[in-house]
Amino acid sequence: MTTSSDLSTAAAPGTPGAAAAGRPALSPARLRAVLLVLLTFGAGATDIVGFLGMEKVFTANMTGNIVLFGLAAGEAHGVDLARCGIATLAFALGLYAGFRVAGRTDPEHVWPARVTAVLCVVLALQTVFLAGWALAGAEPHGAGLLALIALSSTAMGAQTAAARSMAADGVTTTFVTGTLTSIMGGLTAGQTAAAGLRTSVIVALAAGAAVAGALMAHAPVAAAALSPAVLLIVVLAARRLHPGRAS
């Protein structure tokens with residue numbers, strides 16, 4: 001049986017990703033790694049849009065969001081409780097729906113079509129979010145704000161489930177505490193096969209946050225467009241990795 005570590009270093013012959021037009025193409029495993037890094041970049045951007053543009057709510061990183069929920073509870077800030085609570089609940093519902101659709105994947109399949117199906121739904125949700133964000137002038141309030149928080153959090157929950165269902169070296173694409181833990185644990189055990197991917201994911205999350213943060217000051221709609229743009233690229237590229245697809 002092929003393990004995730006094996007997939008991170010080599011690709012089965014005859015699968016998509018073979019050399020084309022005289023140029024060496026990415027192997028399926030390496031293409032999957034690139035797509036996971038792109039998804040993480042988008043999640044970093046999404047969290048910054050939420051934190052800076054939706055009154056300090058994380059919609060991808062539930063660890064930070066739950067801490068904020070606890071802070072709001074301690075300070076008896078009902079409005080903050082509502083925002084953080086909706087984000088957490090929506091993320092959980094996105095996780096449930098995403099896992100139901102993606103299911104458990106066969107380790108022999110680098111990127112099942114069911115995972116792409118989930119990401120198509122995520123793309124739709126993120127596109128609706130972008131439209132609402134633009135209509136609100138990047139300054140949502142009241143019920144509109146809560147609706148956008150729910151949309152973004154549901155999308156990020158479903159994206160997390162899609163990545164987690166592939167058991168891709170412990171990568172989740174929306175939060176990296178576990179990924180950082182895996183890197184350090186692997187290093188102490190002399191297991192470094194997945195260290196490159198895990199490190200890239202951590203850097204990508206920070207990079208997405210940095211780019212979105214720079215855009216939020218002068219082009220907040222563009223900042224919100226980062227995640228759906230990245231998702232579109234991932235969905236189109238992932239079709240090459242579907243089982244049974246001809247190279």
Side-chain angles (χ1 to χ4, degrees), residues 38-98 118-162 173-175 205-235:
L38 285 174
L39 287 174
T40 309
F41 176 93
T46 296
D47 255 345
I48 287 300
V49 170
F51 191 76
L52 296 182
M54 294 192 289
E55 303 185 26
K56 297 185 177 180
V57 170
F58 292 112
T59 60
N61 181 357
M62 288 302 109
T63 301
N65 199 55
I66 291 172
V67 169
L68 292 176
F69 182 88
L71 176 63
E75 296 180 344
H77 287 174
V79 176
D80 292 344
L81 272 173
R83 286 195 299 268
C84 295
I86 286 173
T88 304
L89 178 60
F91 188 89
L93 292 175
L95 279 172
Y96 181 81
V118 174
L119 293 179
C120 285
V121 175
V122 175
L123 175 58
L125 292 173
Q126 289 284 56
T127 302
V128 173
F129 172 89
L130 177 60
W133 178 257
L135 287 173
E139 294 182 355
H141 298 286
L145 172 61
L146 297 180
L148 289 180
I149 289 173
L151 275 171
S152 183
S153 298
T154 302
M156 289 296 97
Q159 177 177 310
T160 302
T173 77
T174 53
F175 54 91
L205 189 75
V211 174
L215 288 172
M216 281 295 290
H218 304 292
V221 174
L226 286 172
S227 185
V230 166
L231 274 163
L232 179 60
I233 293 170
V234 170
V235 165

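We're numbering straight along the sequence, starting at 1.
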- Any residue meeting side-chain contact (heavy atoms from CB on, under 4.5 Å) with T154, in chain and number order, not counting sequence neighbours: A90, L125

- Using the side-chain hydrogen bond (donor to acceptor under 3.5 Å, both in side chains) rule, collect all pairs that involve residues 220-231, keeping only residues at least two apart or in two chains. T46-S227, Q126-S227

- Message: Applying ring pair (Phe, Tyr, Trp, His ring centres under 6.0 Å), can you list everything that pairs with F58, at least two apart in sequence or on another chain?
- Response: F51

- Pairs meeting criterion ring pair (Phe, Tyr, Trp, His ring centres under 6.0 Å) with involvement of residues 132-156, two or more places apart: F129-W133

- By salt bridge (Lys or Arg N to Asp or Glu O under 4.0 Å), E139 pairs with (sequence neighbours left out) none

- Item | L119 side chain reached by L123 side chain, heavy atoms, under 4.5 Å | no

- Note on the structure: Those residues at least two apart in sequence (or on a different chain) that pass side-chain contact (heavy atoms from CB on, under 4.5 Å) with A131 are none

- Query: Is there any side-chain hydrogen bond (donor to acceptor under 3.5 Å, both in side chains) pair reaching into residues 207-222, and which pairs are they, with sequence neighbours excluded?
  - Reply: none

- Message: Before you tell me yes or no, could you show the steps for L130 and V221 under side chain to side chain contact (heavy atoms under 4.5 Å, CB included), namely the whole-Å CA-CA distance, both residues' side-chain angles and the distance that decides it to 0.1 Å?
- Response: CA-CA 7 Å; L130 177 60; V221 174; 4.1 Å; yes

- Query: Which distance, rounded to the nearest 0.5 Å, do you find between the CG of L231 and the OG1 of T127?
  - Reply: 8.0 Å

- Message: Per the salt bridge (Lys or Arg N to Asp or Glu O under 4.0 Å) rule, what does the pair list look like for residues 213-228, sequence neighbours excluded?
- Response: none

- By side-chain contact (heavy atoms from CB on, under 4.5 Å) - contacts of A60 (at least two apart): A43, D47, M156, T174

- Who are the side-chain contact (heavy atoms from CB on, under 4.5 Å) partners of V230, not counting sequence neighbours? L38, F41, V234

- Could you name each residue pair satisfying side-chain hydrogen bond (donor to acceptor under 3.5 Å, both in side chains) that touches residues 50-61, not counting sequence neighbours? E55-R83, T59-S152

- side chain to side chain donor-acceptor pair (under 3.5 Å) against T88, all qualifying residues, sequence neighbours excluded: N65

- Apply the test side chain to side chain contact (heavy atoms under 4.5 Å, CB included) to residues L226 and L215: give CA-CA distance (whole Å), side-chain angles for both, the deciding distance (0.1 Å), then the verdict. CA-CA 10 Å; L226 286 172; L215 288 172; 4.0 Å; yes

- Query: So, the side chain of Q159 versus the backbone of L39: is there a donor-acceptor pair under 3.5 Å, distance only?
  - Reply: yes

